[in-house]
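Proteins come first, then strands; the chains are lettered A, B, ... in the order of their sequence lines, and each starts at number 1. For the numbers below, each heavy atom of this structure counts, side chains included, while hydrogens, waters and symmetry mates do not.
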Protein chains: 2
Amino acid sequence: MPEREPTLMSGVPELVLLRLLAQREMYGYDIARALKLLSDEALSLGEGVLYPALHALEARGLLRSRPRQVEGRTRIYYQATPKGCRRLARLTANWRRMSDGVERILGAHHD
Amino acid sequence: MPEREPTLMSGVPELVLLRLLAQREMYGYDIARALKLLSDEALSLGEGVLYPALHALEARGLLRSRPRQVEGRTRIYYQATPKGCRRLARLTANWRRMSDGVERILGAHHD
DNA sequence: TTCTCATACCTCGCCCTGCGAGGTATAGTC
DNA sequence: GACTATACCTCGCAGGGCGAGGTATGAGAA
């Protein structure tokens with residue numbers, strides 16, 4: 001099956017994860033913090049969303065991971081693959097399309 | 001249970017339906033057409049989304065309906081209730097918050 | 001007549017995904 | 001020894017989006 005697109009339902013987690021991890025390598029806990037900070041609290045993925053999403057994306061070949069030991073703790077760093085970057089581009093376009101659509105409806109004045 | 005808010009997952013259908021029906025009375029088929037037109041094809045709710053959504057919103061007291069006979073065909077006109085309008089305001093605010101959040105992340109350049 | 005198309009409504013059931021709740025382990029601090 | 005912060009994980013529910021399929025009418029074509 002050839003890469004399901006989210007239809008209307010946003011798939012926001014996938015989008016923002018790919019975006020962050022296309023820029024630089026990050027690990028789970030870090031991502032959660034960055035997300036809250038960057039989005040001014042508006043987007044906070046709980047761990048029940050975050051970790052399963054990371055696993056799923058990796059399984060689909062959109063991310064790759066490598067564990068690292070830092071001060072006795074294990075961190076798992078994720079990074080977007082080329083395939084992940086391509087998908088990011090598509091998802092971003094989709095997001096804009098649908099976001100613009102919503103905005104046009106919200107802003108529509110009846111004549 | 002006191003009116004669940006959609007957390008991250010957008011709940012776009014609810015939002016746009018309330019918005020349209022806060023402006024003027026419309027019936028299902030009409031809504032579908034308006035949505036496609038206004039959003040430039042970006043937002044097309046299939047009937048499997050549309051009708052169940054309308055029923056659910058009415059059951060929650062956010063819409064009210066009245067059937068009308070037009071040229072031998074039955075149309076069911078929906079309109080947002082005051083309660084629906086209040087909810088629309090809240091959902092709109094939520095949408096903007098989360099939409100801005102996503103935009104900030106998409107537009108973020110790493111330093 | 002019959003067929004097909006546009007209008008207009010509806011429901012069933014799948015499936016995915018978001019999410020809360022809960023669980024484990026280490027390092028450092030009080 | 002207790003508590004907080006870091007860091008990972010899973011289970012299972014709930015809800016909602018969506019395709020597919022179903023009914024009926026009116027208008028126009030074949």
Less than 4.5 Å apart, any side-chain heavy atom of [X] and any of [Y]?
| X | Y | answer |
| --- | --- | --- |
| A/Pro67 | A/Tyr27 | no |
| B/Leu54 | B/Ile31 | yes |
| B/Met98 | B/Leu8 | yes |
| A/Leu106 | B/Val16 | no |

Rounded to the Å, how far apart are [X] [atom1] and [N] [atom2]?
| X | N | atom1 | atom2 | answer |
| --- | --- | --- | --- | --- |
| A/Leu50 | C/dA21 | CG | P | 17 Å |
| A/Leu8 | C/dG18 | CG | P | 14 Å |
| B/Glu71 | C/dA6 | CD | C1' | 13 Å |
| B/Arg60 | D/dG15 | CZ | P | 11 Å |

Heavy-atom protein contacts under 4.0 Å, nucleotides 6-12 of chain D, coded B base, S sugar-phosphate only, - none: BBBBB--
Backbone N/O of A/Arg60 and side chain of A/Lys83: donor-acceptor pair under 3.5 Å: yes
- prompt: Hey, mind stepping through A/Arg68 and A/Glu25 against salt bridge (charged side-chain N to carboxylate O under 4.0 Å, His left out) and telling me if it holds?
  reply: CA-CA 12 Å; A/Arg68 235 197 284 177; A/Glu25 229 183 15; 3.2 Å; yes
message: What's A/Pro13 touching, base or sugar-phosphate or nothing? Going by heavy atoms closer than 4.0 Å.
response: sugar-phosphate
